[in-house]
Amino acid sequence: MSLILAIDQGTTSTRAIAFEVAPQAARSAVGEEKGDLRPVAVSQIELAQHFPKSGWVEHDAAEIWAATLQTCREVVRKAGGVARFNAIGITNQRETAVIWDAATGEPLHRAIVWQDRRTADVTARLTAQGHEPRVQTATGLILDPYFSATKFAWLLNAVPGSRERAMKGEVKLGTIDAWLIWKLTGGRVHATDATNASRTSLMDLRTVEWRDDLCALFDIPREALPDIVPCAGVIGESDPAMFGQPLPIAGSAGDQQAALVGHGALKAGDAKITYGTGAFLVANVGAEPVASTRRLLGTLGYQADGQSAYALEGSIFSAGSAIQWLRDGVGLISESRQSEAMAQTLKDNGGVYMVPGFTGLGAPWWEPEARGTIVGLTRDSGPAHFVRAALEALAYQTRDLLDALAADGAPPLKTLKVDGGVTANSFAMQFVADICEVEVERPAFQEMTALGAARLAALGVGLLPDLQARPAEASACWKPRMKADERERLLSGWRRAVKAAIIAASDRA
């Protein structure tokens, strides 16, 4: 039995999953297509969130590493021992920035999470100076604190002496994948995969190389950055002390790109959206990057077998985190799953809209100073209206992304493939189908990010001939059923609510 150890390091938890790669002979005997992977063991640990100031979000990189090692060892034990495993695949929360000491392997500051907005003044200044067109042309990205470059610079400024040490190679920078690769290899390999590199604002999207002019623009020493490697192929070997024998690290991709591979969205025109802490629409656009005119992000979908697939992406910063806020922040629900039944107690939203800009608004608005806003409250509004408004916001934000994608020339979607924890909420998924006028399909197996990482690793060690896979079995499908006039009425209310949130942000500034 060939097993892949998939590491899925996310914003709210760290997971390890063992996948069995079905042998070619077995696949032929039962008439299945190539590419089948089956989960056989899993372990998960929740991750603490730190919010030192408004708009600031941090993680403890040492805690992330400890949880990674613990979950991996637990999965190896559950699956029958390290001898059964052939490779490691990694997928991770993207854009989160880590700084560490090359000699000790210890982090020098808490990691700055992708949601963090502390460098909004830096990106605003660079935009005002006219740098955004150059950055967007080279990287596919707009200037926004979401991306890693300004986070790296902030960390170098915050840790005394680190910039000088970084120029000597004594201090390392990287996203979570690079941090985990460094720790897994015992500090022997400093590498990042091409998809994570494409989210830093420092990589040329066409050449897939760091650009010296962008490193200079953001004041990042090139010596501190990891080497860029493909998503599939042996990057290095784990230290034998980790699991009892070395394992090749043979696959790596940022979580949204890994989910694209997991869904099998490998052809131009395929798209998926993952509803997790945030929500991310990724549409495969083929072998050449596409420049967005509607402030979607050009990004690398994956790089494997000497070929690159590009994508357009729309990022929603607050999706599941809005439900978490209802539960943990204001106590309107005790469990996230209660939100569905609570929303259904109302016949409509009562005119109440939530714009969940807790850490700013992503595509297509890109308003880093926006904050959470609720409009339309009356004396009749109650807890159920807050809950329903949070769930409905998922659909409105998704519609904004699909409209932007269509405006960029993408063909209209017939089916929207979805995954992530929020997809368990049938009310929310039906509302997405209704507002977006598209069929919504949820696969039976939900861990698409881990599955994508496992597929890349299996390809990287030759257990799979390519990334093609049997289409995922759907566990649920929602078809649009809302009348057009009702849809337009609701969307008009949403647009007014977003405008109010943006005006409030400009008033605070």
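- Remark: the backbone N or O of Ile435 is paired with a side-chain donor or acceptor of Arg399 at under 3.5 angstrom.
- In terms of modelled atom types and a separation under 3.5 Å, the side chain of Thr277 and the main chain of Ser321 share no donor-acceptor contact.
- With Asp408 contributing its side chain and Thr293 its backbone, the two residues share a donor-acceptor pair below 3.5 Å.
- Between Ser13 and Gln44, the side chains place a donor N or O and an acceptor N or O closer than 3.5 Å (distance only, hydrogens not considered).
- When only modelled atom types and interatomic distance are considered, Glu313 and Thr299 share no side-chain donor-acceptor pair under 3.5 Å.
- With contacts defined as side-chain heavy-atom distances shorter than 4.5 Å, the pair Gln9/Leu47 qualifies.
- With hydrogens and angles ignored, the 3.5 Å screen pairs no side-chain donor or acceptor of Glu170 with any backbone N or O of Ala166.
- Of the N and O atoms on the side chains of Gln257 and Arg94, at least one donor lies less than 3.5 Å from an acceptor on the other residue.
- Remark: Arg117 fails to qualify as a cation-pi partner of Trp56 under the 6.0 Å distance and 45° angle criteria applied to the six-membered ring.
- Just one of Ile112, Val98, Thr200 meets the side chain to side chain contact (heavy atoms under 4.5 Å, CB included) condition when paired with Lys151; it is Ile112.
- For the 3.5 Å distance criterion, the side chains of Lys272 and Gln256 qualify, holding a donor opposite an acceptor.
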Side chain to side chain contact (heavy atoms under 4.5 Å, CB included) assessment of Thr192 paired with Val229: CA-CA 6 Å; Thr192 186; Val229 298; over 6 Å; no
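- At a cut-off of 3.5 Å, with distance as the only test, a side-chain donor of Tyr146 or Ser315 sits close to an acceptor on the other residue.
- Only one option out of Asp400, Ile273, Thr398 pairs with Cys436 in a side chain to side chain contact (heavy atoms under 4.5 Å, CB included); it is Thr398.
- A donor-acceptor contact shorter than 3.5 Å links the side chain of His190 to the backbone of Leu173.
- Between the side chain of Arg442 and the backbone N or O of Thr423 there is at least one donor-acceptor pair closer than 3.5 Å.
- Paired with Phe280 under the rule ring-ring contact (aromatic ring centres under 6.0 Å, His included), one option of Tyr275, Trp114, Phe317 passes, and it is Trp114.
- In this structure, CG in Asn86 is found 5.5 Å from CD1 in Ile4, a value given to the nearest 0.5 Å.
- Side-chain contact check for Leu5 versus Phe19: every heavy-atom pair is 4.5 Å or farther apart.
- Checked options Trp154, Phe152, Trp100; the residue passing with His109 is Trp154 (criterion: ring-ring contact (aromatic ring centres under 6.0 Å, His included)).
- Counting heavy atoms from C-beta on, the side chains of Thr150 and Thr123 come closer than 4.5 Å.
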side-chain hydrogen bond (donor to acceptor under 3.5 Å, both in side chains) evaluation trace for Asp8 with Thr449: CA-CA 7 Å; Asp8 183 359; Thr449 54; 2.8 Å; yes
Stepwise side chain to side chain contact (heavy atoms under 4.5 Å, CB included) test for Asp213 and Leu217: CA-CA 6 Å; Asp213 62 328; Leu217 177 66; over 6 Å; no
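- With no hydrogens or angles considered, a side-chain donor-acceptor pair links His263 and Asp419 at under 3.5 Å.
- Under the 4.0 Å criterion applied to side-chain N and carboxylate O atoms, Arg118 and Glu58 are assigned as salt-bridge partners.
- Atom CD of Gln129 is surrounded by more than 12 heavy atoms from other residues, nucleotides or ligands within 6.0 Å.
- Here the CD atom belonging to Gln93 is positioned 8.0 Å from the CG atom belonging to Asp255, to the nearest 0.5 angstrom.
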Check against side-chain hydrogen bond (donor to acceptor under 3.5 Å, both in side chains), Asn92 and Trp179: CA-CA 10 Å; Asn92 58 285; Trp179 166 243; over 6 Å; no
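- Side-chain contact of Thr415 with Lys417: a donor-acceptor pair under 3.5 Å is absent, judged by distance alone.
- Remark: side-chain polar atoms of Thr373 are paired, donor with acceptor, to backbone N or O of Arg371 under 3.5 angstrom.
- Although no hydrogens or angles enter the test, the distance criterion places a donor-acceptor pair under 3.5 Å between the side chain of Arg188 and the main chain of Thr185.
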